[in-house]
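Here is the structure we will look at.
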Amino acid sequence: MIQFEHVSKSYGKTPVLKDLNFTIPDGQFVVLIGPSGCGKTTTMKMINRLLEPDTGTIRIDGKDVHSQDKVELRRHIGYVIQQIGLFPNMTVAQNICVVPRLLKYDKARCDEIVQEMLQLVHMEQYANKYPSELSGGQQQRIGVLRALAASPPIVLMDEPFSALDPLTRESLQDEVKSLQQKLNKTIVFVSHDMSEALKLADIIIFMSAGEVVQMASPEEMLEHPANDLVRTFMGKHTPDTAPSKVESFMRTNVFSVHKDRGVLECAERMARGSVDTLLVTDEQNRYLGTISIGDIRHWGRELTTIEPLIRQTARTVRVGDEAKESFDYLLDSGANYVVVLNADDTIAGIVTKTSVARSVAENLWGEAK
Ligand SMILES: Nc1ncnc2c1ncn2[C@@H]1O[C@H](COP(=O)(O)OP(=O)(O)O)[C@@H](O)[C@H]1O
Ligand SMILES: [Mg+2]
């Protein structure tokens, strides 16, 4: 457990961290996120005493880090950053074993650790290579292993993947997440990339101008962002959870008429709209059924209003229903549409094959104009 209690820090007269208070439980993947310069790195560096707060206390498992020997402390806290790479004159194996050797593990134990670590990322064959023989992604993988090698309960990672190409970054994110779950570490990870945070975090701590704006699970933050800045940061990630409800796939401009309308008038509306059915509603705009041009041609002559021609043959669903059933129905039945009703039985829209295709395209390629 890592606790920040009233932690503040200034550079000169400029306050950089303002009264930080939060607790990170064991075994959690915590992502510190926020705009550049908001104090993420400063916050992180206080955990392993690379920086000291002006006021306030940081505790690990209840013990004030300030009372602990710095070097000893850091040996039990893994640290991965973007810029500092591997030692170029050491092999991969030697790089991984830097901390175990400092901790005076014997040679056999060190060899074992190298094997275990390399197996985790399927790089066993690289043990005796030098960093210059590896790609950037492979080097950063070894950097992560180096931080994990002495099995520290806590690992700090400061934008460790931001210099990598997107594909490599994604695969390293997957690896780190699965390592964390396998090894049950507490990871504090700095990022300025919300998609990275959403992918990795059990808990996101959102910082702005030296303060914690919100600390919440990714789901909670997506659903209830604390303010506009958080919302903006979430930005286009909100719809990343693929829409699955029927209202995301319907069109809302539908042709509907009241049941007391005349037959001729309805026939004309159909002709004008190039449709062969209309939705029919009662006085309170509640859905009653549909009328078709076929029925009007066949029976319409003897009638004044359309009411006797209303049929309840169209499939209806409710706003909030899963869209999949409607898709299946449209594909299997050959029906032209499904009617979507609001809770009060008024018409919300209709789902057609075209409206589905359009919504899917918008989700894949952005707003179709
Ligand atoms: N050594 C320093 N001297 C003066 N100001 C600093 C120093 N280090 C960081 N800062 C300032 O402190 C603020 C927070 O920096 P930092 O924690 O690195 O932010 P982040 O990691 O969120 O981008 C920034 O405004 C930065 O310019
Ligand atoms: Mg930083």
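When a ligand or atom number is given, it counts from 1 through the structure's own listing order. We count residues from 1, following the sequence as given.
Using a 4.0 Å cut-off between charged nitrogen and carboxylate oxygen, Lys199 and Asp174 count as a salt-bridge pair. Ion pair Lys245/Asp321 not flagged as a salt bridge, since none of the NZ, NE, NH1 or NH2 atoms sits closer than 4.0 Å to an Asp/Glu carboxylate oxygen. Of the charged side-chain nitrogens involved, at least one lies within less than 4.0 Å of a carboxylate oxygen, so that Lys259 and Glu283 count as a salt-bridged pair. A salt bridge links Arg109 to Glu112: at least one charged side-chain nitrogen sits closer than 4.0 Å to a carboxylate oxygen.
Of the protein's non-hydrogen atoms, the one nearest atom 18 (O) of ligand 1 is Thr41 CB, 3.7 Å. Protein heavy atom closest to atom 11 (C) of ligand 1, with residue, atom name and distance, is Tyr11 CD1, 4.0 Å.
Cation-pi contact between Arg272 and Phe255: absent, since separation from the ring centre below 6.0 Å together with deviation from the ring axis within 45° is not met. Cation-pi geometry between Arg169 and Phe161 is not met: the NZ or CZ atom fails to fall both under 6.0 Å from the ring centre and inside 45° of the normal.
Proximity of Thr42 to ligand 1, defined as any heavy-atom pair under 4.0 Å, is shared by backbone and side chain alike.
A side-chain N or O of Ser171 and one of Arg141 form a donor-acceptor pair less than 3.5 Å apart.
By the 30° and 60° cut-offs, the orientation of the rings of Phe29 relative to Phe189 is tilted.
For atom 26 (C) of ligand 1, the protein comes within 4.0 Å by no heavy atom at all.
For the Mg ion (ligand 2), protein N, O or S atoms closer than 2.8 Å were enumerated as Thr41 OG1, with waters left out.
Sorted by first and then second residue, the side chain to side chain donor-acceptor pair (under 3.5 Å) pairs involving residues 337-349 (not counting sequence neighbours) are Thr277-Tyr337, Arg318-Asp345, Asn342-Thr346, Asp344-Thr346.
Residue contacts with ligand 1 include Gly39, since one of its heavy atoms falls under 4.0 Å from the ligand.
Considering only non-hydrogen atoms, atom 20 (P) of ligand 1 lies nearest to Gly37 out of Pro15, Ser10, Ala209, Gly37.
Less than 4.0 angstrom separates some heavy atom of Ser36 from each of these atoms of ligand 1: 23 (O).
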